[in-house]
Each structure stands twice: as C-alpha cells, then as structure tokens.
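A quick write-up on the structure given underneath.
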Amino acid sequence: MSSANRPPLVVTIDGPAASGKSSTSQMVAAQLGVRHVDSGMIYRLVTAARLRAGGTSESWTEQSVLEEAGRVSVAPGATSFEPLLDGEPCEGEIRGEAVTRTVSLVAQMPRVRAWVNALVRATASVHEIVVDGRDMGTAVFPDARLKVWLVATPEERARRRIVQRTGRQPTSAELAEETRALEARDAKDQPQTQPATDAVWIDTTGITQEEQVRQIVLLARERR
Ligand code: DC
C-alpha cells in the first residue's frame, strides 16, 4: 500500500499496572509528533461519572454505568486527549482513591468495554496515535502498525510507583506492601490484560525509561 492511502499510524503499548505504559507512551508520542491516548483514563472517566451518580459500587449494573457514559468526553489537545466530565476537566478526580478502588469493577463489564473501545477507535480514525492500555493490541487495534508489550517484575513496578508517589526509595516493608497490592490488582485485571501474539516484548526491569522510549521510537519509525 502506498503511504498516501495507508491508515493513520497506531502504536499500541500494553502491559500490567505500573509497567510505565503511560509515561513511556507520552514520550514516544512526543518524539513521533502524534497524540497519546490513555485508554485507562477513559475507564476512569466512566467510573467517575458513575460515582457522581451515587449508590454503593456493589449495586452498580452495566446499564447504570452506560447511562452515565454520555457525560464523558475526551478533547484533543496538542499532545494528548483531555478527560472531560460534564464538559469540565477532571484529572484530579479520575486519579483519586474512589475511582482507583472501583475502576476494575467497571472495566470488567463487557458493554462498557465495547463503549470505551469504540471511543478509542474513533480517536484513531482522525488522529495518528500512540495508545496505551491492557488490550489495545488485541481487542481494539489488531492491525496496529506496531504493538509493544511492556513487562517488569512486580517488585520493580512497586518500587517505581512508590518513588513516583513519594520522591524517595521505599523501605522493604513499603515495598512488600505495594508489591502485594499490585499483584492483587494484576489478578483483577488479568482477564483483559493480554499480549498480542505479534507484540514486541520489552522487559523494562533493567533499562532506563529513555532506553525503552528509544527502542520503541526506532521500531515505530521503521514501520511508519
Ligand atoms: O492503567 P490504569 O490504572 O489507568 O487503568 C485503570 C483501570 O482500567 C484498570 O482497572 C485497568 C483497566 N483497563 C482495562 O481494563 N483495559 C484497558 N485497555 C485500560 C485499562
């Protein structure tokens, strides 16, 4: 196919929680001059919308979540898509504790997954994107130009998360607790967290973020 009629570039970066997907994807997108889409952010947005509607999460049905989905949108910015709830920016709310605690429940609902996937595909129909998530290379973009699967040991992912949160290295007790929490989250998200058979695996345990980004950008430029 000539470059004139090739579909817009899509690079998928999937992997488990705290594998560095979002920050790596942002840097890869910036170097390629395309936009970053964080699909986890959209699950978080729908969850925040459902939380605003009230009731305990045990009573949430798929239908009641989808009824709130109309309040959610993503606005293209210079380098990414901004999350909007009722037309207002809501980054703090979607990263907060209440959403983090309940989002796995929402992400397991098949019709919610179909709704999120349609929204992500719509962004790729008009923009070149680097998209990160759990199943972008399998369920959403099986024909993506480049698919990356990022892995790192649970301990290393836990260490990075604590450094990000506190700005210092963890104690061994903190590391053990965060590792347990991450493994519990991995188990909840496991059904939808799958590498594509044609994904390039990058184990980030022993390499810097700059090196990961360099490897992915190189591959993307080869396939562009
Ligand atoms: O990456 P994150 O922590 O922001 O993801 C939020 C939740 O959404 C988490 O429970 C995993 C889920 N998720 C998913 O099931 N599929 C995706 N493509 C992205 C995220």
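First listed ligand is number 1; within each ligand, the first listed atom is number 1. Just so we're clear, the structure is a prediction, and the values are computed from it rather than from any experiment.
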Got a salt bridge between R52 and D86, using NZ or NE/NH1/NH2 to carboxylate O under 4.0 Å?
yes
Can you tell me which residue among R185, R160, R165, R157 is in a salt bridge (charged side-chain N to carboxylate O under 4.0 Å, His left out) with E178?
R165
Taking the six-membered ring for Trp, are H36 and F81 closer than 6.0 Å centroid to centroid?
no
So does R214 pair up with E210, basic N to acidic O under 4.0 Å?
no
State the atoms of ligand 1, each with its element, that fall below the 4.0 Å cut-off from a heavy-atom position in M136.
18 (N)
So, is Y43 polar-close to ligand 1, with some N/O to N/O distance under 3.5 Å?
no
Answer yes or no: does an N/O atom from D38 fall short of 3.5 Å to an N/O atom of ligand 1?
no
Do K21 and ligand 1 have an N or O pair less than 3.5 Å apart?
no
Relative to ligand 1, is Q192 under 4.0 angstrom through side chain, backbone, both or neither, heavy atoms considered?
side chain
In the protein, what heavy atom is nearest to atom 10 (O) of ligand 1, and what distance, to one decimal place, separates them?
D189 OD1, 3.0 Å
NZ/NE/NH1/NH2 to OD/OE distance under 4.0 Å, E68 and R71:
yes
Hydrophobic cluster identity match, V148 and V151, side-chain contacts under 4.5 Å
no
Atom 19 (C) of ligand 1 sits nearest the protein heavy atom S39 OG, 3.5 Å
Might you confirm whether atom CD of Q209 has over 12 heavy atoms from other residues, nucleotides or ligands at distances under 6.0 Å?
yes
Checking heavy-atom distances from atom 14 (C) of ligand 1 to each of R95, M41, R113, the winner is R113
What part of R44 sits under 4.0 Å from ligand 1 if we count only heavy atoms: the side chain, the backbone, both or neither?
side chain
Identify, by atom number and element, the atoms of ligand 1 in contact range of G133, meaning under 4.0 Å from any of its heavy atoms.
18 (N), 19 (C)
